[in-house]
2 protein chains.
Amino acid sequence: MTTPKRRLPVMADVAKEAGVSHQTVSRVLNDHPNVRADTRARVEAAITRLGYRRNLVARALVTKRSRTLGVVSFDTKLYGPASTIYGIEQAARTAGYFISIVSLKSLDTASVREAIDYLAEQGVDGVVVVAPQRSAARALVKLPSGLPVVAVEGTHNADVSVVCIDQLEGAKLAVRHLLQLGHETVWHVRGPSDWLEAEGRLEGWRAALEEAGRPVPEPLAGDWSPHAGYEAGKSLAAMGGVTAVFTANDQMALGVLRALSEEGVRVPGRISVVGFDDIPESEFFSPPLTTVRQDFDVVGRHCIEVLLRQIDVGHTAYERLVIRPSFVVRSSTAPVR
Amino acid sequence: MTTPKRRLPVMADVAKEAGVSHQTVSRVLNDHPNVRADTRARVEAAITRLGYRRNLVARALVTKRSRTLGVVSFDTKLYGPASTIYGIEQAARTAGYFISIVSLKSLDTASVREAIDYLAEQGVDGVVVVAPQRSAARALVKLPSGLPVVAVEGTHNADVSVVCIDQLEGAKLAVRHLLQLGHETVWHVRGPSDWLEAEGRLEGWRAALEEAGRPVPEPLAGDWSPHAGYEAGKSLAAMGGVTAVFTANDQMALGVLRALSEEGVRVPGRISVVGFDDIPESEFFSPPLTTVRQDFDVVGRHCIEVLLRQIDVGHTAYERLVIRPSFVVRSSTAPVR
DNA sequence: CCGCAAGATGTGCTCGGTCATATGTCCCTC
DNA sequence: GAGGGACATATGACCGAGCACATCTTGCGG
């Protein structure tokens with residue numbers, strides 16, 4: 001009971017229709033120069049007449065280039081990964097590549113390896129791994145068969161090219177801003193310990209405090225969620241003596257703001273708060289959040305650049321591209337009273 | 001100066017290694033029953049010894065099934081689309097399919113058509129179009145060559161299967177909740193007019209008010225952004241007499257809350273606010289937002305279900321799957337004084 | 001008017017799998 | 001011991017493009 005759908009036209013059909021060989025059709029399709037103008041026109045007419053579309057699968061088989069790039073990511077619902085993937089997709093499409101996405105629930109080494117293998121089997125020309133966790137970064141050490149790979153936020157590991165945002169610098173911007181406002185020191189609500197970004201921000205925070213010769217308080221644990229920020233905010237309010245907090249991301253900062261508000265602690269009157277990411281909502285928090293801005297689109301674009309370079313010129317040296325974050329001052333920070 | 005990388009092993013290599021024919025290797029790979037146990041073992045040993053991975057491109061060429069689904073979406077940075085795509089990806093991968101994504105900056109008819117064609121050329125087995133705009137829905141009327149397509153939030157158009165959330169019902173939930181709290185009527189900050197979701201929520205709001213015989217105020221314009229909500233909030237504060245607002249999404253609600261806070265209007269003391277979407281941040285807004293919850297994951301899963309059904313059994317009747325939203329009461333709504 | 005090079009077009013093979021079919025093997029039954 | 005059927009394995013064609021090379025045109029200089 002199969003559908004009587006006539007099969008789609010192939011090159012040979014177009015060739016017959018235009019009265020040329022399939023090779024000439026191929027030349028027309030690939031903008032080969034050596035085709036007479038009227039022949040080209042005839043072929044093009046035949047193509048539109050038949051509604052012919054070239055079969056990229058067949059093409060990929062012989063050229064060994066699928067013009068598809070794989071992306072392995074974690075929780076693509078989050079603003080950061082989603083934005084990065086958006087940037088990747090835009091850049092890839094401009095360069096004539098497709099994007100095949102695998103979104104993992106856990107970034108353990110095995111899952112990442114499996115995902116990469118899976119994509120390799122599908123014939124992707126290269127893979128971008130959005131690997132912000134230590135475990136994911138570990139999965140990239142001994143990779144299979146010369147598949148070009150670029151990591152976003154990978155470790156300093158030299159086994160793969162990396163594009164990342166300078167987390168250390170971002171954190172320092174935040175802390176220095178607060179110190180300049182006269183705060184004696186700055187508390188920190190950190191991200192989960194297996195995340196490289198959390199690590200970098202923590203280090204940057206610590207380094208900036210030490211550079212200024214200030215005491216380094218115990219960081220508060222967090223897991224990026226607003227809820228974790230909320231809990232941390234409650235603790236901070238209870239501590240007393242806290243005047244400035246650097247939160248490892250904006251969502252947690254939101255939780256902190258909420259908790260402080262509930263506890264009747266004015267921001268920035270009593271406590272100044274700085275976030276990280278600059279999600280679109282931050283500008284409208286109560287109060288609008290001073291934060292470190294990461295340009296995820298740029299990260300995505302650079303990934304594709306690096307990856308395509310690796311694909312095109314073969315295995316060059318591994319690159320490491322560090323993007324500087326910027327700082328956005330809004331109303332959640334103020335000079336200490 | 002080409003790399004001396006020896007080409008990857010193919011079926012023939014495995015066959016030789018195991019001392020069988022390539023066909024037997026194929027049988028082993030596809031779990032064909034008619035293979036003697038020891039032969040199978042020999043082949044499997046050869047596979048691991050050589051590190052063989054099957055070439056899915058070649059397979060796709062002959063089977064005419066790429067086991068790849070295309071997704072066309074608009075602004076995948078937004079929480080809604082990102083979550084939907086996440087759900088789609090999970091469901092697809094579970095079913096053994098890859099996801100190829102095209103993220104558009106504009107959902108005009110031409111772009112959507114082009115994207116679908118692009119994916120069709122790549123040989124996808126089906127396409128999910130996240131088409132929340134009227135223009136995108138229009139692009140789905142006369143589709144090319146029997147390519148299975150499912151739309152998320154498409155129109156009632158019978159030319160394609162649709163999976164959507166009952167926007168009308170969601171809006172009604174919001175309005176009824178507010179009316180039950182004793183509010184005389186409910187203002188509305190609407191989404192952009194070419195968005196079907198905005199349309200649905202507007203209609204639901206209006207219908208619920210009319211059902212209750214209440215006056216229907218002029219809706220305020222918005223574009224989903226917190227900034228638009230902020231502007232609307234300022235207007236609402238200036239109006240006087242407003243006690244309840246239904247905002248078409250949570251981001252705009254955030255802007256409304258911000259504006260009301262700046263104007264010294266207490267929420268929910270003087271004005272109650274309800275949003276739509278239930279983004280992860282909503283719970284920590286000031287105050288925590290009462291909102292309509294959309295389960296995007298479920299939408300994604302249903303899309304794949306419908307799409308795979310269409311792919312497997314051929315062209316059945318177009319389906320229309322409507323998912324009911326739920327309602328989350330938090331602290332941004334209160335009985336009218 | 002011929003020769004020759006550059007341009008235009010055609011021929012046949014290849015990519016790496018799967019499918020249909022042929023061939024071979026084994027066991028069981030009459 | 002012949003015949004039949006089920007199972008195991010091999011053979012060759014084929015999917016639809018691109019590539020290398022062969023062949024046929026054409027234009028131009030000598």
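Order of the sequence lines sets the chain letters (A, B, ...), proteins ahead of strands, with each chain counted from 1.
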Out of the candidates A:R67, A:K64, A:R65, only one should pair with A:D125 under the salt bridge (charged side-chain N to carboxylate O under 4.0 Å, His left out) rule; please name it.
A:R65
Are B:L140 and B:V129 side-chain neighbours, meaning at least one heavy-atom pair lies under 4.5 Å?
yes
Would you check if B:V163 and B:V306 make a side-chain contact, meaning some heavy-atom pair closer than 4.5 Å?
yes
I'd like to know whether B:Q122 forms a side-chain hydrogen bond (donor to acceptor under 3.5 Å, both in side chains) with A:T68, so could you lay out the CA-CA distance, the side-chain angles of the two residues, the decisive distance to 0.1 Å, and finally the verdict.
CA-CA 9 Å; B:Q122 197 211 14; A:T68 297; 3.2 Å; yes
Pick the nucleotide of DNA chain D nearest each of B:V20 and B:L61; which residue has the one closer to the 5' end?
B:V20
Closest-nucleotide mapping onto DNA chain D: is B:G19 or B:A58 further toward the 5' terminus? I mean the 5' end.
B:G19
Is there any ring-ring contact (aromatic ring centres under 6.0 Å, His included) pair reaching into residues 87-115 of chain A, and which pairs are they, with sequence neighbours excluded?
A:F98-B:Y118
Under the side-chain contact (heavy atoms from CB on, under 4.5 Å) criterion, do B:S73 and B:I101 qualify, and how do the steps go?
CA-CA 8 Å; B:S73 176; B:I101 293 193; 5.7 Å; no
[N] phosphate, OP1 or OP2, under 4.0 Å from [X] side-chain N/O:
X     : N      : value
B:K64 : C:dT18 : no
B:R54 : C:dG16 : no
B:N55 : C:dG16 : no

Classify the nucleic acid contact of B:V57 as base, sugar-phosphate or nothing, counting any heavy atom under 4.0 Å across all strands shown.
nothing
Keeping A:S111 on the side-chain end and A:L107 on the backbone end, is there a donor-acceptor pair under 3.5 Å?
no
Checking the side chain of A:T48 only, and the main-chain atoms of A:E44 only, is there a donor and an acceptor separated by less than 3.5 Å?
yes
Rounded (10°) bend between the five-pair end axes of the helix from C:dC1-D:dG30 to C:dC30-D:dG1:
50°
Interatomic distance, B:S66 atom OG to B:R59 atom CZ [nearest 0.5 angstrom]:
11.0 Å
How long is the straight-line distance from CZ of A:R40 back to CG of A:L29, given to the nearest 0.5 Å?
10.0 Å
Evaluate whether atom CD of B:E114 has more than 12 neighbouring non-hydrogen atoms of other residues, nucleotides or ligands under 6.0 angstrom away.
no
Listed in order of residue number, which residues of residues 37-44 of chain B have a non-hydrogen atom at under 4.0 Å from DNA chain D?
B:T39
What are the bounds, 5' to 3', of the part of DNA chain D that sits under 4.0 Å from heavy atoms of chain A?
D:dG16 to D:dA20
Residue pair A:E89, A:R93: steps toward the salt bridge (Lys or Arg N to Asp or Glu O under 4.0 Å) verdict:
CA-CA 6 Å; A:E89 198 277 338; A:R93 193 144 49 86; 2.9 Å; yes
Mind calculating the distance between CD (A:E121) and C1' (C:dG16) to the nearest angstrom?
13 Å
Using whole Å, report how far NZ of B:K16 lies from P of C:dG16.
13 Å
Pairing residues for A:F296 by the ring pair (Phe, Tyr, Trp, His ring centres under 6.0 Å) criterion, not counting sequence neighbours
A:Y79
Between the protein and nucleotides 19-22 of chain C, list the N/O to N/O atom pairs that are separated by less than 3.5 angstrom.
residue: C:dC19; atom: N4; partner: B:Q23; partner atom: OE1; Å: 2.4

